[in-house]
Structure formats: C-alpha cells, structure tokens
Colleague: 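Handing you a structure now.
Scope of the values below: all heavy atoms of this structure, side chains included, with no hydrogens, waters or symmetry mates. Every chain is numbered from 1 and lettered A, B, ... according to where its sequence line falls, protein lines coming before strand lines.
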Amino acid sequence: MSLVVYNTLSRKKEPFIPLEEGKVKMYVCGPTVYNYIHIGNARPAIVFDTVRRYLEYSGYDVHFISNFTDVDDKLIRVANETGTDVPTVAQKYIDAYHEDVCALGVKKADHHPRVMETIPEIITFIEQLIEKGFAYEAGGDVYFKTRNFNGYGKLSHQSIDDLRIGARIEVGEKKNDPLDFALWKAAKEGEIFWESPWGKGRPGWHIECSAMAKKYLGDSIDIHGGGQDLSFPHHENEIAQSEALNEAPMAKYWMHNGYINIDNEKMSKSLGNFVLVHDMVKEHDPQVIRFFMLAVHYRNPINFSKELLESAEAGLNRIRTAYENVKHRLTVTAGLGTEEEAWLEKTAALKARFKKEMDDDFNTANAISVLFDAAKEANVYLKEDNVSEKALSSFIELFEDISGVLGITLQKEAELLDADIDALIQERNEARKQRNFARADEIRDLLKEQNIILEDTAQGVRWKRA
RNA sequence: GGCGGCAUAGCCAAGUGGUAAGGCACGGGUCUGCAAAACCUUUACCCCCGGUUCGAGUCCGGGUGCCGCCUCCA
C-alpha cells in the first residue's frame, strides 16, 4: 500500500515517487495580499497543509514553500486608494493572512518568499530567458515568446491554436503575439519600481513563482499546488518559463484543489459572493471550517452555506465528545479488561484504514469517516464495565494521529475547575445520594449557565464545557 | 468555438466491475431519578436512453441539467 497522487499533467492518479528518496519538495501558490482572504482562498491553504502533514506523518522530510504576491496592480490600486504605499498594504495583509490561516490550523511554510525580496533572482531569470531566445524586450516591457516553448498547453491540455487568443490582447500592450505574456512591466508614472536592464519596472505575475521555486527548491520539484483556476494560465506559464530556462520538468506532480461555491457558483472577488475568513471566525469555530472543508475530497467543489457548516459542527462535536469521554475514562479507576486484544485489533484496523484512505490521493473525506467509526467504537467500548488502560490509550492515539494529520484539534479548552465549581459538583453528589433531586437539578442548571455540562455516568460525574 | 468537471437518500458526501461507507436531520426503541452522552433501529428505482459483461453507481456511446477554465481570481 503506497501513496498515489492525482496529477493534473496526466489526468491520472500516479504512484508517488519523490525525486529524491525520503524527501519532498513542494511549492504552493499563495495569495496576492491586497485584501483579507476569503474562504475560497483558505481552501488551498488547508488542503496543502494537510497534504504536507500527511507526507510528514508518512515519514518524508518535506520542504514546503509558499509565496506572497506583494507587488501587482491591485496592491498599487489599494495603496493609492488608502493613501499609503505598496509595502504597507502588503505587510498589513500578510500579517492578516498568517493570523487567519493560523486559526484554521495551517502551519507556516518553511519559507514564505515575497516578490519584493526576490527581484534580483527574477531579473536574472528574465535575462537568461532573453539570452536563450525565449523572451524579448519591447518598450520597457519584457515578454515571453510563448510559441517558442514546445509543449505549451500540456498542463491544461489546451492546443495553442484553440485558445481564444483575442481575449488576451490588452489595450496598450506591446507584445508581438497575443499569446505572449509579460515577464517584466515598465513602471507607469508614480508606480512602485525597481531598476532593471530594461529600465524602471516590476515583475509580471507568473515569473515570481518560477524564480522562487528555483531559488528555494531547485530546478525540479515534487509537488506544485494551487487552486484549479491557476492551472491556466498561471501554472502553464510557470512551466513555460521554468522549463525553457532549466530544461528540466518544473514539477513532477501538479495538484489543484476545487473551488468553494456559493449557491453553486464559484466564490470569487469579482462576483462579490465571498465570505472573509476574518469575519467568519468571529461567528464560527475555525476548526469547524477546516473540518467542513476536509469532509469533501479536495478536487471536488464545495458548496458553502451556514447550514452546512452547522451540520459539520454537530459532527465534529460528536468526535470531540467521544475523544473527551475516552480521556475521562482514563482518569477514573479503570477495571481490568478481559477483551483487550480485540479492541487493540480494532484500533489497529482503523488506523490502517486511515492510512489506506489518505494514501489514495489524500481522501480526507474517508479519513474523517474513519474518525467517526473510531468514535463509534470508542463509545461502545466505554459502555463496558471493565476497560483496560492500554486499549483506552490506543483509542486516544488513534484519535490524535488522525486529527493531527487533518490539523484539527479535538481537545477542548483545558481549564481547571474552579474550586467553587468543584464544590458544587460535590454538593450535588451529596444531594443525589440523599435523593434530593430538586437541589441536584438546581446545581446542574446553575453550572449549565456557566457553560459547564454535567453528565452522570456509571463511573461518576463527567463534565465538559459547552 | 476549444478544454474540463459534476449529477448517489430530506440535506452533505465516499465509492472506477461483484450487488450502495460515513455524517447531519427525522421517527421508533434502550439506558437514566430526570437529563446528558451513548447504543440499537427505520429510510436509496445511484439524472435519462442504449451498449459491453455472468455481473455496472462504477466501463463505452448518446441525451438532459448544472458548474468551471480559456481574462485578475485559490
């Protein structure tokens, strides 16, 4: 049993064999930082964070790079509108990105390169493309000669002649062929710029990823990821630039996540039907958002609505409760189990199933179903009078392994009971012994008002925070 | 015009040849002083029409509907 990955290049699932044994180099296109991210932007962050976590769980040494596009037309516009400058705008939204994505359980990449820090490498890259005859300067701009790159369209499976080339011509551009795309753009009056062999200007959009991937990971990487909408033209152009220069495959596996839809339509900034993560997390547990997204296979679209999020929340709570209840049982005096082996076999089987599902192109939806089955089995086990510490621990380990890979925290806020609350629980226990249920219920209600839920079990009172 | 995706129970969603995972919601039952949590249990003509096959949600052909990319977009 080994990992297979769906590769956009071949449109097939392929066995995952990294270029260098035991090591994975991956690059994921990050956001253009001119605004807060919406939940559509959050999907690739969550998906590829999960891919990375699973690769690490599987024993790979993962080198993960994700960029920030911090110079472009939209940043310039926002800077002008707000009376600040591009670096200020960029820094604001980079900080916001980290904050949002951290709430969603996304680990930081090994490095988050920015265009502004990569200008020398970008310029060198372009110079070399010109030397090799793949690019030309035109009035301060530099363009890539698309038709010179044999293999253009191999990622999106487009024939170069079938593209609606008319749509690519923009007013005032100096390209020779409508298919050509900008590597370097001459600065307009008042725009942020860098000095270059072609005068003052800034990089085009696609070149940054080619330059950064090369700088941090080398000429060929294992996994290149991003949203489906990047496959054309962005990734196609990256391939053209990088492979024209490096004469080596840019990436072995190209992975693309599906969109988030609202009312069955793609969520996008231009349609205005987006929900910002920044706002979302004020109303919903960000962990629920992550759980909700991972409950669907990453290549399929997700329809987003508040109702669906709430139903996901109910599901996650079921898993969390089961996990907490197993932990609770571990704190009370545990009897000696006689069927320990059978339960250890069950948890081992569930773990094997989890790996099998994740090995199949990161099927997190099925991985989550394993988590539900684990919750079910754990709940059944908890009904037994005698349980073993070993079996309980194997459940805990199972829950933590899976949730760790999915990047979901099962543990609720671990706060100690106040002495007052503790005393109330004791008092209620006394009242119950004396069958003074009125007082017992009164205390339970009192605690409920403070979001402490009491549950009477055969092993004593169990409590949790609502 | 070119390229591609999707259509599975009330809702969400897995499932690429052997007779439909899982979740949410709903109904019934069990446990409980009452609850909570949980367990058991009911609910699917897999969009339509052909074809291949001993056997198809799963492969092939043809429809229908929805969505996306080809233009900044995760």
Colleague: Are OP1 or OP2 of B:A37 and a side-chain N or O of A:Trp463 less than 4.0 angstrom apart?
Modeller: no

Colleague: Does A:Asn363 make a side-chain N or O approach to OP1 or OP2 of B:G15 shorter than 4.0 Å?
Modeller: yes

Colleague: When you get a sec, tell me which of B:C69, B:C67, B:G22 is the closest nucleotide to the side chain of A:Asp229?
Modeller: B:C69

Colleague: Kindly assign one of parallel, tilted or perpendicular to the pair A:Tyr253 and A:Phe16, based on the angle between their ring planes and the thresholds 30° and 60°.
Modeller: tilted

Colleague: By ring-ring contact (aromatic ring centres under 6.0 Å, His included), which residues pair with A:His111, not counting sequence neighbours?
Modeller: A:Tyr216

Colleague: Atom CZ of A:Phe372 to atom P of B:G23: distance rounded to whole Å?
Modeller: 7 Å

Colleague: Would you mind telling me which residue lines up with the more 5' stretch of RNA chain B, A:Asp360 or A:His157, judged by nearest nucleotide?
Modeller: A:His157

Colleague: Can you check the distance between B:G63 and B:A44, where both ends of the measurement are the P atom (answer in whole Å)?
Modeller: 33 Å

Colleague: Roughly, in whole Å, what's the span from CG in A:Leu382 to C1' in B:C40?
Modeller: 17 Å

Colleague: Distance check: side-chain N/O of A:Lys376 vs OP1/OP2 of B:C40, anything under 4.0 Å?
Modeller: yes

Colleague: Output the single nucleotide from B:C67, B:G33, B:C24 whose closest atom is nearest the side chain of A:Asp441.
Modeller: B:G33

Colleague: Starting the side chain at C-beta, find the nucleotide from B:A13, B:C70, B:C73 nearest to A:Ser268.
Modeller: B:C73

Colleague: Out of B:A74, B:G68, B:G33, which has the shortest distance to the side chain of A:Ile260?
Modeller: B:A74

Colleague: To the nearest angstrom, how far is A:Asn366 atom CG from B:G22 atom C1'?
Modeller: 8 Å

Colleague: Any idea which of B:A14, B:A74, B:A37 is nearest the A:Met267 side chain?
Modeller: B:A74

Colleague: Please pick, from B:C6, B:A37, B:A74, the nucleotide with the shortest atom-to-atom distance to any side-chain atom of A:Thr321.
Modeller: B:A37

Colleague: With no hydrogens and no angle check, is any side-chain donor or acceptor of A:Asn366 less than 3.5 Å from a backbone partner on A:Met358?
Modeller: no

Colleague: Nearest to the A:Lys74 side chain among B:C72, B:C34, B:C66, which nucleotide is it?
Modeller: B:C72

Colleague: Considering every strand and a 4.0 Å limit on heavy-atom distances, what is the contact class for A:Gly153: base, sugar-phosphate, or nothing?
Modeller: nothing

Colleague: Counting just side-chain N and O atoms, does A:Arg299 come under 4.0 Å of either OP1 or OP2 of B:G5?
Modeller: no

Colleague: So what does A:Asn300 touch, heavy atoms closer than 4.0 Å: a base, only the sugar-phosphate, or nothing?
Modeller: sugar-phosphate

Colleague: Is the phosphate of B:C69, meaning OP1 or OP2, less than 4.0 Å from a side-chain N or O of A:Lys266?
Modeller: yes

Colleague: Can you measure A:Asn303 atom CG to B:G68 atom C1' for me and round it to whole angstrom units?
Modeller: 13 Å

Colleague: Any donor-acceptor pair under 3.5 Å linking the side chain of A:Glu313 with the backbone of A:Val288?
Modeller: no

Colleague: Reckon A:Arg320 has a side-chain N or O less than 4.0 Å from the OP1 or OP2 of B:A37?
Modeller: no

Colleague: By nearest atom, which of the nucleotides B:C39, B:A74, B:G2 is closest to the A:Asn257 side chain?
Modeller: B:A74

Colleague: Whole angstroms only, please: what is the CD1-P distance between A:Ile368 and B:C24?
Modeller: 12 Å

Colleague: Using the ring of each side chain (for Trp, its six-membered ring), is A:Phe354 parallel, tilted or perpendicular to A:Tyr57, with breaks at 30° and 60°?
Modeller: perpendicular

Colleague: Would you measure the distance from the C1' atom in B:G2 across to the matching atom in B:U58 and give it in whole Å?
Modeller: 29 Å

Colleague: Measure from the side chain of A:His297, starting at C-beta and using heavy atoms only, and say which of B:C72, B:G33, B:A14 lies closest.
Modeller: B:A14

Colleague: Just compare B:G15, B:G2, B:A74 and give me whichever is closest to any side-chain atom of A:Lys269.
Modeller: B:A74

Colleague: Hey, what's the ring geometry for A:His256 with A:Trp254, parallel, tilted or perpendicular (30° and 60° as the breaks)?
Modeller: parallel

